[in-house]
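Let me begin by presenting the structure, written as C-alpha cells, before commenting on it.
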Amino acid sequence: MLDIKFIRDNIQIVKTGLERRNGKFPDLDDLLEQEEERREGLQESEQLKNKKKKLSAEVGKLKQQGQEASEQMGEVKNLNVFIKELDEKVEGLETIIHEKLLGIPNLPDENIPDGIDESNNKFIREWGAKPSLKGEPLNHVELGEKLGLIDLKRAAKISGARFAVYRGMGAALLRGLINFMVDVQTQENGYEELYPPFLVNEESLLGTGQLPKFGEELFAMKNDPLFLIPTAEVPVTNFHRDEILEEESLPICYTAYTPCFRREAGSYGKDTQGLIRQHQFDKVELVKFSKPDDSEKELEKLVQNAESILKKLDLHYRVMELCVGDLGFSAAKTYDLEVWLPSQNTYREISSCSNFGDYQARRAKIRCKKKTGGKPEFVHTLNGSGLAAGRLFVAILENYQNEDGTVTVPEALRPYLQGRKVLSS
RNA sequence: GGAGAGGUGGCCGAGCGGUUGAAGGCGCACGCUUGGAAAGCGUGUGUAGGUUUACCCCUACCGAGGGUUCGAAUCCCUCCCUCUCCGCCA
C-alpha cells in the first residue's frame, strides 16, 4: 500500500510511476479530494469531542458538589448528534480511501526497464553452459514416465489436470531436492527455517497483496474463511504482521519449505504438458525483513542465495531483470532466475526475487523501532524462491539425461539419495 | 464439539462509571554515584491520526465490534483468541 501522505505530497511522482505500469487503478485526483474531505470532517469532529470531554468533566465536578448540571448534560447530548454524523461521514470516507489504496500497486523502482511484457526484460548475467546432449533430448515427461518417477494419468484421476504424483525415486528426488535446498539456505546462507501453516486467513493475504485484487488465483475453503497458500511468502511475511521489530535484529532472514496452491485461472492452454505449471507445487522460499536503506543490497544477496542452489547443481541459468510490464502488483523490483531446459530449447523461470520496499510492510503493519529514537518506520520486505522444487526436478531430468534414457544424479544431491548416482528404470 | 477461566502498555500486574493514557514493579535509555562494576538515587520510556518549521496542543486506542450513559478499561450484547478439563483424533 502506498502512503496517502506520500501521494498527497508527491502526486506527480506517483502518477508517473503508475503510468508506467499496465492496468487500471483508482483515479488519484478523486482519491485526494476524498482524503481532503476526510481530514476536514475529522478535524471538525475532534473539536467537538474536545468540547464534549470538557463538559462531561464539568458535570462530574458539579455532581460531586451536589449541584445541578442538566444544562451541561443537555449540551453534550446535543453535541453527540453532530459528532455521530461527522464520524459516520469520516468513517465512510476512510473505508473508500482504504479500499482504493489497496487497489493501487506499488511504484516501480525508477531504474527498472520500461516495457509491456517479458520480451522487454533485461539480461543481467548468465552462469554455466548448456549441456552437450547427444541426439534429440527427451522432455521431462517422457523421461519421468519412462523411469517411473512421475504418474500424471493417475494424478488426473485422483485430482484432475495440473496435478502430479511423484513415485519411487521420483518422490525421493523431489524430497531430496527440498531438503538439499533448505539445508543450503540454513547452513550456508544464514536463514532461519520456518515451517508455517498452509492455510491462511484473509488478513494475511491482504498483507502481502494477494487480496483483494487477485482472489481468483486462490483456492478457498468452503466452510471456513481460509485459503490455501499460493506461496510461502504469505505466511512467512505475515509472521511479523502487526509487530514492531528492533532495528538491531534486522535483517531478519527466513526460509520455508511449503507446497504452493494456485488455481492458474488466467493460464488456460499454457504449459498444459507436464510439471511446469501445476495447481500444487513445492517451493523453498526466502523472505527478508530489512532496514529501508539496506533493501537494495539485500535483494542482490537474496538473488545470489537463490543462484547458489543452481550453481551447486551445476545447472545453466540466466538472471533477468523484469521490466515494468512484467512486474508483480506489490513489487518494486524483481529479478527472475531462468534455468535452461534442453527439450524446450529455452530458459524457464525457476525463481523470482523481489524487493517490495515498504509496500507490504505498510499493508501488514510491520515496523521497526529506530535506535536513534523517533517514530517507528516501516521495514522493507523481500522474498524470492530458493527455488521452485517442481521446476528444478524438471531441469535436472532434462539436463542430466543420458543417451540410454537414464538420468545422472547431480553430485551435490547424492547424499540425499543414499549415494545413488543414476536414476534408471 | 461440550464445560469452565481469562484477555490491560516491551513484560508482570492494579484498577469504586467522573483530571486513568492508565497506580506499582520489572525491563530499557540517559544522568548522578564509584578506581571500576553491582547496588542505590534521579529523570525519561506506548501506538495511530490531526495540527505544526519545531516545541506544544488535540483526538482515538485497556482482544475486536456494537450498546447503555452527560461521562465506560470499568455495566450490557455479539464475535475472536488463549488456557484448563471432557470428547474426538494423527
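Residue numbers start from 1 in every chain, and the chains themselves are labelled A, B, ... in the order their sequence lines are given, proteins ahead of strands. Because only heavy atoms are used, hydrogens play no part in the values below, and waters and symmetry mates are left out as well, while side chains stay in.
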A/Phe393 ring center within less than 6.0 Å of A/Tyr166 ring center: yes
task: Flag the pair A/Phe219 / A/His279 as yes when their ring centroid distance falls below 6.0 Å, and as no otherwise.
output: yes
field: Side chain A/Thr186, main chain A/Val182, donor-acceptor under 3.5 Å
entry: yes
Nucleotide forming a Watson-Crick or wobble pair with [N], both distances under 3.5 Å:
N	result
B/C83	B/G4
B/A60	B/U47
B/A23	none
B/A54	none
B/C41	B/G31
B/C16	none
B/G36	none

query: Closer to the 5' end of RNA chain B via nearest nucleotide, is it A/Lys369 or A/Lys51?
result: A/Lys369
message: With a 4.0 Å cutoff (strictly under), does any side-chain N or O of A/Arg39 reach OP1 or OP2 of B/U51?
response: yes
message: If you apply the rule salt bridge (charged side-chain N to carboxylate O under 4.0 Å, His left out), what do you find for A/Glu285 with A/Lys283, and how did you get there?
response: CA-CA 6 Å; A/Glu285 184 77 356; A/Lys283 180 157 63 64; 2.6 Å; yes
Taking atom [atom1] in both [N] and [M], what distance in whole Å separates the two?
N	M	atom1	answer
B/U69	B/G17	C1'	9 Å
B/G7	B/C16	P	13 Å
B/C62	B/G6	C1'	15 Å
B/G25	B/G9	C1'	13 Å
B/G15	B/A72	C1'	13 Å
B/A64	B/U51	P	25 Å
B/C75	B/A23	C1'	23 Å

message: Using every non-hydrogen atom in the two residues, find where A/Gly274 and A/Gln278 come nearest and quote the distance to one decimal.
response: O-NE2, 3.0 Å
task: Go through B/G49, B/U59, B/G71 for me and flag the one nearest to the A/Lys49 side chain.
output: B/U59
- request: Please determine, for the side chain of A/Gln43, which listed nucleotide (B/G50, B/C70, B/U59) has the closest atom?
  value: B/G50
